[in-house]
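Working notes, beginning with the structure itself.
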Amino acid sequence: MVNLLESVLRVVQHAESGYHPVLPGLILLLPLAGFVINGLGAFLWRDSKRIPGIVGPAAIIGAFGIVVANFLAMRGAFPHDPAVVSLWTWMAVGDLSIGVDLQFDQLSILMMLIVTGVSSVIHVYSIGYMREDPGYSRYFSYLNLFVFFMLILVMGANFPIVFVGWEGVGLCSYLLIGFWYENREFASAGKKAFIVNRIGDFGFLVAMFLIFTHFGTLDFVEVFAAAPETLVYAGGVVTLITLLLFLGATGKSAQIPLYVWLPDAMAGPTPVSALIHAATMVTAGVYLVARSGVLFAMAPVSQAVVAAIGAGTALFAATIATQQYDIKKVLAYSTVSQLGYMFLAVGIGAFTAGVFHLMTHAFFKALLFLGSGAVIHAMHHALHQVHRDDDPNDMRNHGGLKNMMPITWATMWIGTVAIAGIFPFAGFFSKDEIIWYTGTYGYVVLWVVSLLAAVLTAAYMTRLMVLTFHGENRTGADAKPHLKEVPAVMWVPLAILAVLSVVGGWIQIPEALPGLPAVDALHHWLEPVMEPARHVMTEHGFHKAYEAPLGGGEATWAIISTVVALIVVILTFRALVHRRYSPAAESEAPTGFAGILYNKWYVDELYDRVIIRPLLALWRGCWRIVDAGLIDGTLDAMASGTRMVGWVGSLLQSGRVAGYMFWFVTGVVIILALLLL
């Protein structure tokens with residue numbers, strides 16, 4: 001009751017300063033209601049497409065509208081302290097008190113805008129993409145639940161509530177990746193995602209135990225305020241806590257070594273891939289590090305680990321993407337790579353730059369995934385019409401789709417140049433800011449790695465566009481007449497995301513760029529949240545004054561970056577556009593170094609030999625020795641002994657009264673004889 005009163009007083013205080021959360025509970029209630037209604041619909045109106053097609057998107061669009069209202073209210077008041085809304089006390093045991101508390105500050109509002117905004121577009125797109133699927137209502141039920149848990153994750157005011165959302169999106173990823181569970185391979189992909197994420201979740205749990213041990217609370221406001229005085233800078237405790245939190249982040253955000261689940265997540269419907277890769281699950285790890293910025297600012301070793309793994313993942317995944325032929329696998333490894341950039345940013349202390357790239361990436365990656373879904377949808381329809389079972393995901397079966405799908409072609413090119421970092425598209429501003437900070441903060445090696453990853457990004461995305469939309473058509477003369485643009489319910493979301501992929505980066509324009517007004521909106525917006533971490537780093541001399549490698553100012557390197565990316569796109573396009581490709585059924589697997597990249601550096605095979613097979617052998621040994629041998633053997637021996645005793649006893653049970661009297665008298669005589677001797 002005391003905690004509830006304190007929470008109410010905090011909200012009242014912010015209300016007096018001009019901001020009070022607008023209908024905070026309804027933001028969560030709408031997606032939850034959509035989940036319940038569509039879940040019931042899976043049984044009550046299984047064949048109806050109208051109700052889930054309305055309820056599913058409407059629930060998320062409604063939540064987005066409330067979030068926008070909160071954004072406008074917060075923008076007008078611009079509080080420097082978070083507003084915490086306490087709904088009820090979840091558990092109170094001894095010194096531990098955990099409330100179902102929601103935190104409204106600039107970071108949570110931004111994340112809520114991204115989650116609900118991009119998810120709204122994906123839900124609308126799903127109306128057309130999933131219309132023919134018999135699990136239509138079940139699909140929207142899972143999708144609503146996914147958004148519900150992601151909102152809990154970004155709105156939670158303490159670590160346990162965030163962990164509830166954290167586990168919830170893990171559950172929903174399992175349900176949606178394995179949505180077509182009749183396919184054994186797809187079901188296995190869902191289990192793989194679920195199991196790999198449990199490894200990271202273990203780190204998150206242990207980190208929470210350590211935080212409670214040293215702070216006596218798990219509330220964000222209290223932990224982050226007390227951290228500089230409670231913990232020793234660069235000490236073992238804060239380093240261990242942050243490394244464990246990062247272990248959780250590597251699972252959710254698919255970084256080395258726990259990235260292997262994300263490419264297999266392509267087994268789910270393509271809108272699910274867009275939702276997971278752009279707006280929800282994979283951004284959770286980046287959000288956790290940014291939210292815990294004060295703790296990471298106090299742990300320079302942990303920050304170095306985060307930055308190094310982020311940069312390494314960015315380059316590693318980009319190399320794999322260059323040799324994939326499944327259009328969704330290319331985008332999956334692209335996501336892993338771009339997440340690496342985000343971790344590089346938060347690892348070097350550029351927290352706002354990492355969140356900035358998280359936002360712009362949500363726009364152009366959702367666009368690219370939904371665009372690939374449009375291609376797959378059109379290919380599947382065309383191949384179905386001519387009764388062929390060619391893989392609609394394989395780009396070797398595409399080619400020349402530009403004329404048949406002009407809207408998809410145009411919007412996907414916008415997403416491609418955006419992720420390549422070409423001016424004036426969104427990726428230019430966010431990715432170049434990360435690369436710039438990496439160089440100016442003195443991380444020369446990581447700066448070079450990030451540049452190489454950027455070059456590869458421009459190359460593999462251009463390769464995707466050429467193989468899919470340019471050159472000669474490889475769908476076959478019989479299927480080609482059936483190829484056509486997707487309906488408006490699918491291409492309108494592409495157009496919306498294309499616009500965001502263009503203008504999404506204009507909220508943060510460096511002052512050094514000539515001919516453009518300096519815009520610092522995002523840094524200013526996130527300043528109240530990021531300032532404590534920045535203060536800690538500045539106090540300990542973390543960000544020293546470096547010059548950019550090889551000299552030059554920010555404007556110079558921005559121009560060079562754009563020119564290089566543009567040259568890579570042009571050269572890759574010209575090198576591939578006239579090359580003749582054979583359909584997948586007639587193609588041979590790549591060999592040599594290209595074969596190594598095609599087989600993803602054989603990491604899955606390495607994990608299989610080093611981890612999975614030994615564990616299976618251990619489990620089989622436990623089964624044979626402990627279960628079958630010791631436990632079952634002991635029980636079998638006891639059963640045999642009992643059976644033997646019963647058999648011996650049965651020899652004495654003849655059923656003849658005379659015999660019983662004989663043995664009774666004989667026994668009495670023997671006893672008397674023994675007593676008289």
Side-chain angles (χ1 to χ4, degrees), residues 277-278 311 313-315 317-324 327 330-342 344-345 353 356-372 395 402 408-436 438 447-470 494 497-506 508-510 513 557-577:
H277 286 245
T313 303
L315 180 59
T319 61
I320 297 176
T322 60
Q323 292 299 321
Q324 300 304 304
I327 187 171
V330 175
L331 297 177
Y333 282 105
S334 171
T335 298
V336 176
S337 180
Q338 297 303 307
L339 288 166
Y341 274 106
M342 299 174 206
L344 170 60
F356 185 25
H357 195 54
L358 183 156
M359 182 191 74
T360 60
H361 177 263
F363 300 150
F364 54 71
K365 186 51 61 67
L367 168 61
L368 291 168
F369 263 112
L370 296 186
S372 70
M395 297 184 294
K402 169 186 173 182
T408 303
W409 165 77
T411 53
M412 284 196 71
W413 260 117
I414 291 174
T416 295
V417 295
I419 196 174
I422 296 175
F423 178 85
F425 298 88
F428 163 79
F429 297 99
S430 60
K431 188 159 67 175
D432 273 30
E433 184 174 3
I434 295 173
I435 297 173
W436 169 254
T438 305
W447 179 75
V448 173
V449 170
S450 64
L451 286 175
L452 291 174
V455 169
L456 290 177
T457 300
Y460 69 66
M461 285 305 305
T462 304
R463 172 178 174 268
L464 179 149
M465 293 300 297
V466 171
L467 284 174
T468 302
F469 293 100
H470 297 271
L494 297 181
L497 291 169
V499 173
L500 293 173
S501 298
V502 176
V503 304
W506 297 358
Q508 194 62 42
I509 302 176
L513 289 180
W557 279 103
I559 294 171
I560 292 174
S561 174
T562 295
V563 171
V564 170
L566 192 58
I567 290 173
V568 171
V569 169
I570 293 172
L571 292 180
T572 305
F573 183 88
R574 296 190 62 175
L576 299 179
V577 71

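- In this structure, Trp506 contributes its side chain and Pro424 its backbone to a donor-acceptor pair below 3.5 Å.
- Every residue meeting the side-chain contact (heavy atoms from CB on, under 4.5 Å) condition with Val336, not counting sequence neighbours, appears here in chain and number order: Ala254, Tyr259, Leu262, Thr313, Ala317.
- Residues Gln323 and Tyr460 fail the side-chain proximity criterion, which asks for heavy atoms closer than 4.5 Å.
- In terms of heavy atoms, Gly421 sits closest to Ala565 at O-CB, 4.5 Å.
- For residues 415-425, the set of pairs meeting the side chain to side chain donor-acceptor pair (under 3.5 Å) definition, not counting sequence neighbours, is empty.
- For the side chain to side chain donor-acceptor pair (under 3.5 Å) condition, the pairs that include at least one residue of residues 357-370, sequence neighbours left out, are Ser334-Lys365, Thr335-Lys365, Gln338-His357, His357-Ser430, Thr360-Ser430, His361-Lys365.
- Judged by distance alone, the side chain of Thr468 and the main-chain N or O of Met465 form no donor-acceptor pair under 3.5 Å.
- The side-chain heavy atoms of Gln508 and Phe429, taken from C-beta on, include no pair separated by under 4.5 Å.
- A distance of 12.0 Å separates CZ in Phe425 from CZ in Phe364, rounded to the nearest 0.5 Å.
- Between Thr462 and Trp413, the closest side-chain pair of non-hydrogen atoms falls below 4.5 Å.
- Under the side-chain contact (heavy atoms from CB on, under 4.5 Å) criterion, Val577 pairs with Val466, His470, Phe573, sequence neighbours left out.
- Residues satisfying the side-chain hydrogen bond (donor to acceptor under 3.5 Å, both in side chains) test with Gln324, not counting sequence neighbours, are none.
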Run the numbers on Val417 and Met461 for side chain to side chain contact (heavy atoms under 4.5 Å, CB included), then give the verdict. CA-CA 8 Å; Val417 295; Met461 285 305 305; over 6 Å; no
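- Note: Phe428 CZ to Phe423 CZ = 6.0 Å, rounded to the nearest 0.5 Å.
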Kindly list each side-chain donor-acceptor pair under 3.5 angstrom involving residues 451-458, sequence neighbours excluded, with atom names and distances?
{"from": "Thr457", "atom 1": "OG1", "to": "Ala453", "atom 2": "O", "distance (Å)": "2.7"}

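- In this structure, CG on Leu339 lies 12.5 Å from CG on Leu344, to the nearest 0.5 angstrom.
- Qualifying ring-ring contact (aromatic ring centres under 6.0 Å, His included) partners for Phe369, counting only residues two or more places apart in sequence or in other chains: His277.
- Among Val499, Leu494, Leu500, the one residue that satisfies the side chain to side chain contact (heavy atoms under 4.5 Å, CB included) test with Leu367 is Leu494.
- Remark: Ala353 engages Ala345, Ala350, Glu433, Ile434, Tyr437 in a side-chain contact (heavy atoms from CB on, under 4.5 Å) (not counting sequence neighbours).
- In this structure, Leu464 and Ile327 have side chains that are in contact, with non-hydrogen atoms separated by less than 4.5 Å.
- The OG atom of Ser450 lies 9.5 Å from the CG atom of Leu315; values are rounded to the nearest 0.5 Å.
- Scanning both residues, Ala426 and Gly505, for their nearest heavy atoms gives CB-N, 3.6 Å.
- Residue pairs meeting the side chain to side chain donor-acceptor pair (under 3.5 Å) criterion with at least one member in residues 563-577: none, sequence neighbours excluded.
- For Lys431 against Ile419, the heavy-atom pair with the smallest separation is NZ-O, 2.7 Å.
- Contact between Ala498 and Ile414 at its shortest, heavy atoms only, is O-CG2, 3.7 Å.
- When the side-chain hydrogen bond (donor to acceptor under 3.5 Å, both in side chains) test is applied to Thr322, no partner is found at least two apart in sequence or on another chain.
- Here the closest non-hydrogen pair linking Tyr333 and Ala321 is CB-CB, 3.9 Å.
- Taking Ile559 as the reference, Val563 meet the side-chain contact (heavy atoms from CB on, under 4.5 Å) condition, with sequence neighbours excluded.
- The minimum heavy-atom distance linking Thr408 with Gly371 is given by the pair CG2-O, 3.6 Å.
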